[in-house]
Amino acid sequence: MARHHDVIIVGGAVHGASAAYHIAAHPRFSGSVLLVEKDPTFQQAASALSAASIRQQFSSPVNIDMSLYGIEFLRAIGDTLSVENDRPFISLNEGGYLFLATAAGTATLTENHALQSSRGADIVLFNPAELAERFPYLVLDDIAAGAFGATGEGWFDGYGLMQALRKRARSLGVETASATVTEILTERGRATGVRFADGATATADAVIIAAGTGARELLEDIGVPLPVEARKRCIFTFACKEKLPGFPMLIDPSGVYCRPEGELFLCGSAPDEAHDPLATDFDVDHALFEDLIWPVLASRVPAFETIRQARSWAGHYDMNLFDHNAIVGRVPPFDNLFIANGFSGHGLQQAPAVGRGLAELAVDGAYQTLDLSPLGYERITHNRPLFEKNIV
């Protein structure tokens with residue numbers, strides 16, 4: 001690989017790939033980009049192991065706006081990321097999120113709905129009678145309201161998105177490399193490049209760290225604490241004999257979620273914080289399904305009382321323990337070091353907006369389209385968390 005690049009990106013999964021594509025496609029960029037990934041199989045990458053969904057039902061404007069751009073990007077992906085005659089297809093299904101609320105949660109749901117609608121999201125607020133008519137297979141005895149993404153929300157092939165970004169980036173001249181970065185090189189308040197596991201180095205005018213759960217160690221070595229740790233999340237699939245037309249991405253008040261996955265259903269739930277240790281393996285916690293998820297789903301959807309379990313797997317979130325929101329932008333005190341990390345489960349849907357934002361910082365020196373500064377690292381040093389009510 002070349003010794004010097006205008007931009008080196010550490011981490012070649014969806015955020016690194018998005019940054020690489022957006023930089024290479026930037027009309028005012030004519031330099032070189034190196035995209036480095038330690039595991040080109042991506043077997044343990046969150047991009048390949050997540051539930052791959054997109055929603056605008058957040059409670060903070062920046063998260064809503066990022067996903068509004070994200071859905072536009074996903075809809076146009078066949079044109080935007082086509083390479084010669086090869087048009088990527090990511091099976092985008094705008095089946096909608098359905099957040100259910102009990103009486104205690106109705107005020108928050110209504111408040112969030114007003115904000116989401118004001119930003120341009122197509123979210124419908126349902127009362128129990130309207131929910132029963134639209135989703136007759138749900139038990140709604142304890143439900144006071146529901147918010148449904150009529151358009152712009154759903155699920156897609158996250159691995160396909162990552163690979164499409166990588167392929168288009170390469171077609172625009174981005175160099176890719178399979179290597180492990182062990183050190184960020186710095187000098188006089190600037191990042192100057194990276195060191196690889198074999199001892200070789202490469203220099204750069206700007207460095208972007210999109211290394212998922214591996215970012216913390218790299219940044220701590222240059223004196224930048226990162227409140228991000230790996231947290232395991234398990235996903236389970238099952239078959240149901242009964243047809244349930246128009247089944248959405250269902251978010252139960254308990255936090256259990258479920259959506260269609262082809263002919264099957266996919267589900268999961270975050271454990272409570274007291275039982276959510278640092279992730280050190282990829283073993284599936286089958287008791288989570290048996291003891292928590294299935295009982296909730298069977299109570300909410302009687303058709304799920306009799307199911308046949310199918311494949312299950314586990315992946316790692318880069319969990320931002322500070323406020324469960326992404327950390328994006330410059331890494332002070334280094335004016336040419338940038339980060340995309342701590343997505344806490346929202347990463348795939350936010351990747352298009354994050355890649356575009358990082359490209360603007362690297363090329364223009366400032367955000368030009370969507371201001372991502374609310375996600376900046378400075379909020380951590382100033383102890384100003386970004387509170388997001390809709391964490392799934």
Side-chain angles (χ1 to χ4, degrees), residues 1-38 165-166 168-212 214-224 226 326-341 351-373 375-378:
M1 67 185 75
R3 292 288 180 172
H4 181 82
H5 292 271
D6 292 272
V7 182
I8 292 177
I9 302 171
V10 182
V14 71
H15 295 100
S18 180
Y21 158 71
H22 280 91
I23 292 171
H26 195 294
R28 288 181 294 281
F29 182 79
S30 58
S32 62
V33 179
L34 175 64
L35 179 63
V36 184
E37 170 55 43
K38 67 179 181 180
L165 286 164
R166 288 176 59 85
R168 182 65 177 130
R170 286 194 297 267
S171 77
L172 294 172
V174 171
E175 181 183 349
T176 58
S178 175
T180 299
V181 172
T182 57
E183 183 182 357
I184 303 168
L185 303 177
T186 63
E187 184 178 343
R188 298 177 183 176
R190 289 180 61 82
T192 58
V194 298
R195 188 182 307 279
F196 302 101
D198 64 1
T201 61
T203 59
D205 297 324
V207 176
I208 296 174
I209 305 299
R216 177 170 176 162
E217 183 175 357
L218 287 172
L219 289 174
E220 286 184 342
D221 286 346
I222 58 171
V224 178
L226 191 66
I327 305 168
V328 178
R330 282 190 176 84
V331 180
F334 306 99
D335 59 6
N336 66 334
L337 178 63
F338 308 97
I339 187 174
N341 200 257
V354 167
R356 182 181 64 172
L358 290 173
E360 292 168 355
L361 289 179
V363 179
D364 302 311
Y367 293 122
Q368 302 297 310
T369 49
L370 177 58
D371 182 9
L372 302 183
S373 58
L375 300 176
Y377 184 91
E378 290 82 359

Quick one: side chains of residues 8-19, donor-acceptor pairs under 3.5 Å with protein atoms, not counting sequence neighbours, listed by atom name and distance.
residue, atom, partner, partner atom, Å
His15, NE2, Gly347, O, 2.9
Ser18, OG, His22, ND1, 3.3
Ser18, OG, Ala351, O, 2.8

Drop me the distance from Ile339's CD1 to Arg330's CZ, to the nearest 0.5 angstrom.
14.0 Å
Give the C-alpha distance, both sets of side-chain angles, the deciding distance and a yes or no for side-chain contact (heavy atoms from CB on, under 4.5 Å) between Arg3 and Thr203.
CA-CA 6 Å; Arg3 292 288 180 172; Thr203 59; 5.5 Å; no
Quick one: side-chain contact (heavy atoms from CB on, under 4.5 Å) partners of Pro332, sequence neighbours excluded?
Tyr377, Glu378
Residue pair Val354 / Ala340: nearest heavy atoms and the distance that separates them
CG1-CB, 3.8 Å
For Arg216, which residues count as a salt bridge (Lys or Arg N to Asp or Glu O under 4.0 Å) partner, sequence neighbours excluded?
Glu220, Glu229
Could you report the tightest heavy-atom contact between Ala191 and Val207, atom names first, then the distance?
CB-CG2, 4.0 Å
Residues that Glu217 engages under salt bridge (Lys or Arg N to Asp or Glu O under 4.0 Å), provided they are two or more places apart
none
As an exercise, state the distance from CG of Leu34 to CG of Asp6, rounded to the nearest 0.5 Å.
11.5 Å
What's the separation between atom OG in Ser178 and atom CG in Leu35, rounded to the nearest 0.5 Å?
11.0 Å
All pairs passing salt bridge (Lys or Arg N to Asp or Glu O under 4.0 Å) where residues 198-211 contributes a residue, at least two apart
none
Check the pair Phe334 / Ile222 against side-chain contact (heavy atoms from CB on, under 4.5 Å), numbers first and verdict last.
CA-CA 10 Å; Phe334 306 99; Ile222 58 171; 3.8 Å; yes
If every non-hydrogen atom of Ala202 is compared with every non-hydrogen atom of Phe196, which pair is closest and at what distance?
CB-CE1, 3.9 Å
By side-chain contact (heavy atoms from CB on, under 4.5 Å), which residues pair with Thr182, not counting sequence neighbours?
Thr180, Arg195, Ala197
Could you tell me which non-hydrogen atom of Asn341 sits nearest to which non-hydrogen atom of Ala215, and how far apart they are?
ND2-CB, 3.5 Å
Partner residues of Arg190 under the side-chain contact (heavy atoms from CB on, under 4.5 Å) criterion, sequence neighbours left out:
Asp335, Asn336
Distance-minimising heavy-atom pair for Ala24 and Leu172:
CB-CB, 3.7 Å
Taking side chain to side chain donor-acceptor pair (under 3.5 Å) as the cut-off, I'd like each qualifying pair that reaches into residues 352-367, sequence neighbours left out, listed once.
His26-Asp364, Arg28-Asp364, Arg356-Thr369, Glu360-Thr369
Separation between CD1 (Ile327) and CG (Leu226), nearest 0.5 Å, reads 4.5 Å
Value for CG (Leu218) from CG (Leu337), rounded to nearest 0.5 Å, stands at 10.0 Å
side-chain contact (heavy atoms from CB on, under 4.5 Å) partners of Ala353, counting only residues at least two apart:
Met66, Tyr69, Leu370
Nearest non-hydrogen partners of Ala206 and Phe338, listed with the distance:
CB-CE1, 4.1 Å
Point-to-point distance, once rounded to the nearest 0.5 Å, from CG of Leu358 to CD1 of Ile209:
11.0 Å
